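These values consider heavy atoms only, across backbone and side chains, with no hydrogens, waters or symmetry-generated copies. Here the structure is a predicted model, which means the values were calculated and not measured. Note on naming: letters A, B, ... go to the chains in the order of the sequence lines (proteins, then strands), and numbering restarts at 1 for each one.
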Number of protein chains: 2
Amino acid sequence: MGTKTRGGRAPEGYDPSKFPAFAVTVDVVILTMADSRLHLLLVRRGVAPFKGMWAIPGGFKRPTETLGEAAKRELAQETGVDSAAMLTQFGAYGDPGRDPRMNVVTVAYLAVLRDVGAVVAGSDAADAALVPVSEALDGTIELAFDHAKIVRDAVERVRGDLDLTGIAAAFVGPTFTLAELRTVFEAVWGVQLDGANFRRSVVTEEGWVIPTGRRARPGAPGGKPAELFRAGRMWKYSSPIRRSQPNERRKGNS
Amino acid sequence: MGTKTRGGRAPEGYDPSKFPAFAVTVDVVILTMADSRLHLLLVRRGVAPFKGMWAIPGGFKRPTETLGEAAKRELAQETGVDSAAMLTQFGAYGDPGRDPRMNVVTVAYLAVLRDVGAVVAGSDAADAALVPVSEALDGTIELAFDHAKIVRDAVERVRGDLDLTGIAAAFVGPTFTLAELRTVFEAVWGVQLDGANFRRSVVTEEGWVIPTGRRARPGAPGGKPAELFRAGRMWKYSSPIRRSQPNERRKGNS
DNA sequence: TTCAGTTTTGGTCGACAAGACCAGAACTTT
DNA sequence: AAAGTTCTGGTCTTGTCGACCAAAACTGAA
């Protein structure tokens, strides 16, 4: 921070020694893959304002913790996961009136989990739900406060991070098939990727996926059982898949 | 934001109705090109704590303004520019103890200007300076609070934004030569780019640079006078130059 | 005026990456 | 056994990017 320093002009009608008080909160956008689509964890508000409406989980920051610790605490309270989860800060929101009660500035975090389903089912009945992000983005589900914008920004962020960081690996479990990993990119970017080309991209270079000898059980329609892989060390730094400007085209097309 | 919602577990020893008060400030990292290197605007603190130390400009957020408006106000107070400046929020910082006086959460913005030199010279004497970012990054210049980390994050951000957004155009004036534009990429990324290849990248595609008939005056050592261009519309969306993983190599190499 | 030095600008060439597409392998259910 | 589905390896074409060369256009010095 830094109190205004420059000698001459003082901020008119404003006394730096009496700073305005704000509440600071931390909100967490929790994303996961379900049904080959990107999903979002929401909670139903039990208190005013916006009582009964859907919102993303969050809470007040404590003076003794860092912002990151606060986000981690909120994530653990909401989902039970407290492992070294992928937590990324992506924005701060402080428009006047965004909370009708008082001046609140919130710092928003993005968390990517591989399986929230079980967590949600085991929680306090019907006040938590996993919904497709599309329904939150197009307004089918109305969100409290300015959470609609926060979710939009979070999705923007994860789309960009997908080819800048190894965040894609956080969507899948400790072992996974290449098709599984491919659906992450397809769902987040809204594109169709060629399976063979995708495989080449991640298998050719060392360090992205390491084969476990095992194979996955095929789904309902059968098909050749896919190899099971573990994530390699490269995901810590980058991604093997780059987003291309024109969508990849499929067989029957223009 | 959102008060904690889930029924069962309440945050232990914590009463949501009595939230802790924070001061919220906005800090602006002002970057510009000078002497073919990336520079940073610093101010000298006139009050405790860290009195006499260098810091990035900033100040308290007012309850009636948005975070972006606060950043714009601080930028204008410090440099006098209030045009639609390129202002990007890139992080929030709230570690306990980062300000010894009280609990402060700051939201950091990045501003890119084309020429701060005149502004600095014309301001209140010696309490503002333009320094190379390298000196701030390597510790040659010690910064107040956690501003060293904030500056590091800002530089990281601008490095990434250089090929994701059109931020490079904000570094140059209304008309510029291609060599000028090229030094922006070279200085921020710390690479050497081939002039001919660079030209092709921006000239081939329509919309990046539009030629004004004029030519620039060559520098001291002479050389063919370069064409003067204006920035096209494409800079609003993206960048014509992509960062390559291995540095581009020059003539005499391995 | 000439010359050496410097910068800009246009061109070519090869390496590499990415996408389109095909076909065989391996499993499912009927 | 047959049909359907998915996985996996292969080939081919295309386009992009960087390395490199050379001419053009200007400076200052000899």
When B/Pro225 and A/Arg215 are each assigned the nearest nucleotide of DNA chain C, the 5'-most assignment goes to B/Pro225
- Query: CZ of A/Arg230: more than 12 outside heavy atoms within 6.0 angstrom?
  - Reply: no
5'-most contact on DNA chain D (nearest-nucleotide basis), B/Ala220 vs A/Lys224, goes to A/Lys224
So what does A/Ala196 hit on the nucleic acid, given a heavy-atom distance under 4.0 Å: a base, only sugar-phosphate, or nothing? base
From CZ of A/Arg214 across to C1' of C/dA26 the rounded distance in Å is 19 Å
| request: Please evaluate the base of D/dA19 for a donor-acceptor partner in the side chain of B/Asn197 within a cut-off of under 3.5 Å? | output: yes
To the nearest angstrom, the CG-C1' distance between B/Leu228 and D/dC26 comes to 15 Å
In whole angstroms, the gap separating P of C/dG11 from CG of B/Asp194 amounts to 15 Å
Ranking C/dG19, D/dC7, C/dA26 by distance to the side chain of A/Ala226, first place goes to D/dC7
### Query
Does the pair A/Lys149/A/Asp153 count as a salt bridge with the N-to-O cut at 4.0 Å?
yes
Can you check whether A/Ser201 has a side-chain N or O nearer than 4.0 Å to OP1 or OP2 of C/dA17? no
A/Leu41 side chain near A/Leu31 side chain, heavy-atom distance below 4.5 Å = no
Between CG of B/Leu193 and P of D/dT16 the distance, given in whole Å, is 19 Å
Between CD of A/Glu227 and P of D/dT6 the distance, given in whole Å, is 18 Å
Which of D/dG18, C/dC21, C/dC27 is nearest the side chain of A/Pro218? It is C/dC27
>> If you compare every side-chain N and O of A/Arg200 against the phosphate oxygens of D/dC7 (OP1, OP2), does one of them come in below 4.0 Å?
In response: no
To the nearest angstrom, the CZ-C1' distance between A/Arg243 and C/dA18 comes to 16 Å
Between CZ of A/Arg182 and P of C/dG19 the distance, given in whole Å, is 13 Å
Looking at C/dT8, I'd like to know if its phosphate oxygens (OP1 or OP2) sit under 4.0 Å from a side-chain N or O belonging to B/Thr177. no
When we call it a touch if two heavy atoms are under 4.0 Å apart, what does A/Arg217 touch: a base, just sugar-phosphate, or nothing? nothing
Discussion item. When you compare the side chains of B/Ser239 and B/Asp163, does any donor N or O come within less than 3.5 Å of an acceptor on the partner?
Written reply: no
In whole angstroms, the gap separating P of C/dG19 from CZ of A/Arg242 amounts to 11 Å
Stepwise ring-ring contact (aromatic ring centres under 6.0 Å, His included) check, A/Phe185 with A/Phe198: CA-CA 10 Å; A/Phe185 289 89; A/Phe198 184 87; 5.8 Å; yes
- Under 4.0 Å between a side-chain N or O of A/Arg199 and OP1 or OP2 of D/dC7? no
